[in-house]
Number of protein chains: 2
Amino acid sequence: MSDPTTLGDLQLAIMRVLWARGEASASEVHAALLAERGLAPTTIATMLRKMEDKGVVRHRAEGRQFVYRPAVEERAVRRGMVGELVERLFLGDPAALVNHLLSDGQIDPDELEALKELIAGRERRAQGGSGRG
Amino acid sequence: MSDPTTLGDLQLAIMRVLWARGEASASEVHAALLAERGLAPTTIATMLRKMEDKGVVRHRAEGRQFVYRPAVEERAVRRGMVGELVERLFLGDPAALVNHLLSDGQIDPDELEALKELIAGRERRAQGGSGRG
DNA sequence: ACGCCACTACTACCGCGGTAGTCCCACCGA
DNA sequence: TCGGTGGGACTACCGCGGTAGTAGTGGCGT
């Protein structure tokens, strides 16, 4: 348990590949990230192994290749990392983060509409009953 | 330039003290954080020095004490760190972060109202012209 | 069958946040 | 003047993300 979800930048990039594909060999991950990162294949492989130690991915052998699969959901990672940021930066108040986003002008004006609807929907659901599961 | 704004947990805690007080000596910071952290005074002092190297605080000598002062605004730090998270986790789309916060149920239902008003106000301002300041 | 190649395993190393000990100096008080 | 004390300076060390070289191993092609 503890806090499995605090991934670095490269780890996140790797996870994105894995989440998108469901699974991928080390070389596939490397190929997928080559353009944006240009890292050595061993770097990816090493990272993948470290990530497996951490429990965020798992692998199975397919021939002489390792095929990696995410062991944590994207949602959980998001929750963990966002939660940590909120804790660190906004003293645990998520609304303060939204507040910051809004008042800092980091959100496109045209997104505001969509957000309002999102909130409205959320309100309706909250009244309807129970929380999340 | 670069990216001055990526502070660790302790650094943030120290900055909070500094932001709140305007300035504080190393011992004052230590005293302020003793309860919640229980760290050695030297730890705080070391951190403060490292932070000065990074340019996030400045000091002036007052007698034999160093009085530290923030060299970056809280807002800037928030922006930097939130921005980084958004980049890493939401591919640069801040609205996606809000979306996550909302749909993940991390926001108290009673906060939704306040948020809606915030958005409304933001919309009005956006129409009014100019950007942030 | 043998050698090369592809892949994984091991190891090393850097930077940095975090934590703290020790040293040294300067100032204050006796 | 001399000693104690408080505070900064230096140094060290751990863990971890990130990066990569090198070693080892097993399979495939010739």
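Each chain gets a letter, A, B and so on, in the order the sequences are listed, and its residues count up from 1.
Side chains of B:Thr46 and B:Lys50 form a contact here, defined as non-hydrogen atoms less than 4.5 Å apart.
Regarding A:Leu48, its CG atom lies at a distance of 11 Å from the C1' atom of C:dT8, rounded to whole Å. When rounded to the nearest whole Å, the span between CD of B:Gln65 and P of D:dG6 equals 11 Å. Note: CG (B:Leu39) to C1' (C:dG18) measures 8 Å, nearest angstrom. In this structure, the OH atom of B:Tyr68 is 10 Å from the C1' atom of D:dG7, given to the nearest Å. Taking atom CD1 of A:Ile44 as the reference point, atom P of D:dA20 lies 9 Å away to the nearest angstrom. Remark: C1' of C:dG18 and CZ of A:Arg88 are 11 Å apart, rounded to the nearest angstrom. Atoms CG (B:Leu10) and C1' (C:dA20) sit 12 Å apart, rounded to a whole Å. Atom NE2 in A:His59 sits about 11 Å away from atom C1' in C:dA9, given to the nearest Å.
Taking the side chain of A:Thr42 as heavy atoms from C-beta on, and the options C:dA9, D:dG7, C:dC7, the nearest nucleotide is C:dA9. Each of C:dT8, D:dG18, C:dG18 was ranked by its minimum atom distance to the side chain of A:Gln11; first place goes to D:dG18.
Between A:Lys54 and D:dG17 there is a side-chain polar atom (N or O) within less than 4.0 angstrom of OP1 or OP2. Considering only side-chain N and O atoms, B:Thr43 lies under 4.0 angstrom from the phosphate OP1 or OP2 of C:dA20.
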One pair to check against side chain to side chain contact (heavy atoms under 4.5 Å, CB included): A:His100 and B:Val82. What are the steps and the verdict? CA-CA 9 Å; A:His100 162 83; B:Val82 171; 3.9 Å; yes

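Heavy-atom distances to DNA chain D give each of A:Arg37 and B:Phe66 a nearest nucleotide, and the one nearer the 5′ end belongs to B:Phe66.
Note that CD of A:Glu111 is 11.0 Å distant from CD1 of B:Ile119, once rounded to the nearest 0.5 Å. Atoms CG and CZ, from A:Leu10 and B:Arg88 in turn, are 10.0 Å apart once rounded to the nearest 0.5 Å. With values rounded to the nearest 0.5 angstrom, B:Leu89 atom CG is found 7.5 Å from A:Glu74 atom CD.
B:Ala40 comes within 4.0 angstrom of the backbone, heavy atoms only, and of no base.
Hydrophobic clustering (ILVMFWY, side-chain heavy atoms < 4.5 Å, transitive): A:Val67 and A:Val29 are in distinct clusters. Under the 4.5 Å side-chain contact rule for hydrophobic residues, B:Phe90 and A:Met15 share a cluster.
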Polar-atom pairs under 3.5 Å, protein N or O versus N or O of nucleotides 11-15 of chain D: list them with distances, or write none.
none

